[in-house]
Structures are given as structure tokens and as C-alpha cells.
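Here the structure is laid out as C-alpha cells; the discussion comes afterwards.
Quantities reported herein were computed from a predicted structural model and do not represent experimental measurements. Values below: all heavy atoms of this structure, side chains included; hydrogens, waters and symmetry mates excluded. Whatever order the structure lists them in is the order used to number ligands and atoms, beginning at 1.
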Amino acid sequence: MVRAGSVITIETPAKINLTLEILGKRPDGYHELRSIVVPVSLTDTLTLTTTYAQTAMTLTVSPGVDLTKIGSVDKNLAVRAARLMQETYRVNAGARLHIHKRIPIGGGLGGGSADAAGVMLGLNTLWGLARPREELMALGADLGSDVPALLHGGAVLMEGRGERVRGLFADEPPFACPGFWLVIANPGVMCPTPDVFRKWRGGLTPAPSILHNMTSSIRTSDVSAAADALYNGLQPGVFETYPDVAQTATRLQEAGCLGVLLSGSGASVFGLARDEVHGQEISRRLGSGLWHVLVQTCPVV
Ligand code: C5P
């Protein structure tokens, strides 16, 4: 029996893709991916409160968050994650979800997936379910392609349509993950993921060295090598369709980043810095006209 009124607070991190190779189109309409995904220290804060089973799942967000960008409550990934947990495990309780959003919505940073992953982990504890993480990852794959990677945590290799995820170096915690500093910038335009994938036209097959080079730069925490190994197969199409995104990348480059890349399907772009001080310098040069944030990969949360 779950007691109503129990509360848990979770910081749920955004992600970036250090590499994103599109290997081809699948018969189910999705694309076959190979991507190195790492969490970053930009988080949403989730507050989950148990309610009586009869209470519908409710969602609130912090003032200032553009609810029109979030869409309807029924389609919200966090709410869908809570309902999925409730149905799958026949839980005789409900939940109230409050999300303090910092991760830009529709920004290629996995914000919706991060919230869903955080809700699943939080309710797993709050409702006393104690289900293993791998089981939650399999369940979460149907919610969104980034959910399993964010449930896993640490630096992961994501394959398939996103459902095959393993730690880049080992599958046991503590997961190896570099502490790279980077600046994420977002021009405020929306690049809907299905549109971005639909426009993908193949082009050159990604070089086999992409995965190898990025993996070894992470292993040795070599940020200059990582800057050289950055790759996103969706980037050319997005830069062509959304000039504001391409311009954001140019601004990061001109501000002194070691390497710049589109995150996921955009619209956020990130640039690697040598260290924290260099990151602060880049932030200062970007000024106040463009939304940006200095973060580190692999936060301890
Ligand atoms: O799974 P998710 O909801 O994040 O995907 C959003 C959309 O992105 C999908 O509906 C699909 O159009 C596209 N996508 C894809 N191949 C993937 C992941 C996403 O084509 N591996």
C-alpha cells in the first residue's frame, strides 16, 4: 500500500550526442543510429508526490515555461511515463508531477526524455517497486528514443533506433565518463525531429573511425581529440533548413570553441571548451543576446 503525500525530488540531466551516425532507414520508418550519448549538468528538477489512485496524473511546470511548446498533458512524456509505470506494475496509487524546466523544449537535448526517465526512476522508488534499471530501460524505449540512454546514465553507446544501449566502457557503475566543459546555445527555433529525419538524404557513409576516435578521446579525457571527432549526420540538413541554427554554430566557433556540433536533431548547438575558465570566456564573448549555458558532461546527480 503506497501512502499518499510521500514526496521525492530528482535532478534529471539533459544529454548531448558527441557522435550521431545515421546508418540507414529502417522498414518501420525509423532510422538505424549509432551514437555516443552523454548526460550534461543542465537539469530539470522533478518533484513527485504520491496521490490516491483515483486522482488523475497531474502536471505543473514552473512559471515562465512556454506551455504551448510542451503540448497537451496527455501527450507529455513525463505523464505518459507515470501512466506506463502505473499500468505495467498495477500500482494502486497516482502521482502529482511538478517539473521545474531548465532544458530548452524541443532543443535536441532530450528534455522530454530526461523528464520521462526521471519520473520512471522516481516512481520506482516512491511506489516501492524496486524494478531493475534494465527493465525500466526496455519499458522506456517505447516512450522515446532517448529514454533508455538517460535511464542508463553515464557515457553510453546507443544503437538501433535508440533502444539498444550499453555503457561505453563497462555496464557496471561507476560509469566512465569524461568531465568535458562545453557551452550549449539555443537560437529559440523549433526543429521537429520527424521533419529533420525525413529530410535526411544519406550522403557519405560515416567513416568507421568516428566511433573509435571519440571513444578513445573520452577514455583519455582528451578534449582536443574529442573536438576533432565530433560528428552529427543530421547537421548538414539542419544547417541548410534552419539558418539561425547554422549561425548559432558560427557564433560558438567565433567565440573560441575547440569544436562545435548540432545536438541531436537540434536546434541546440554545443561547443567544447578547454576547461571551465575557457568555457566562462566563451560565455562572456557570446554576450546576452543568445540563450546559452556553460555545463560539464557527466554530472553526479
Ligand atoms: O523516438 P522519438 O519520439 O524520439 O522520435 C521522434 C521521431 O524522430 C520519430 O517519430 C521518427 O520520425 C524520428 N526518428 C527516426 N529514427 C530514430 C529516432 C527518431 O527516424 N532512430
Heavy-atom side-chain contact between [X] and [Y] under 4.5 Å:
X      : Y      : answer
Val156 : Arg166 : no
Asn17  : Ser35  : yes
Val269 : Leu261 : no

Under 4.0 Å from a heavy atom of [X]: which atoms of ligand 1 are those, numbered in the order shown and with their elements?
X      : value
Pro194 : 7 (C), 12 (O)
His31  : 15 (C), 16 (N), 17 (C), 20 (O), 21 (N)
Leu33  : 21 (N)
Arg161 : 1 (O), 17 (C), 18 (C), 21 (N)

Is it the case that the ring center of Trp200 lies less than 6.0 angstrom away from the ring center of His31?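 Between Trp200 and His31, which both carry aromatic rings, the centre distance is below 6.0 Å.
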When you measure from [atom] to every protein heavy atom, which one gives the shortest distance, and what is it?
atom                    : result
atom 8 (O) of ligand 1  : Thr193 CG2, 3.2 Å
atom 13 (C) of ligand 1 : Phe197 CD1, 3.4 Å
atom 3 (O) of ligand 1  : Gly144 CA, 4.2 Å

Just heavy atoms, cut-off under 4.0 Å: does Tyr30 contact ligand 1 by side chain, backbone, both, or neither?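 Tyr30 to ligand 1: contacts from backbone and side chain alike.
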Passes salt bridge (Lys or Arg N to Asp or Glu O under 4.0 Å), Arg102 versus Asp44? Steps please. CA-CA 5 Å; Arg102 298 183 198 84; Asp44 283 349; 5.5 Å; no
Geometric N/O contact Ser145 with ligand 1, under 3.5 angstrom: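 Yes: some nitrogen or oxygen of Ser145 is under 3.5 Å from one in ligand 1.
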Quick one about Thr51 and Arg96 (side-chain donor to acceptor, distance below 3.5 Å, no hydrogens or angles considered), yes or no?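 Looking only at side-chain atoms, Thr51 and Arg96 do not form any donor-acceptor pair under 3.5 Å.
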Rounded to the nearest 0.5 Å, how far apart are CG of Leu150 and NZ of Lys15?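 Reported value, rounded in 0.5 Å steps: 8.0 Å.
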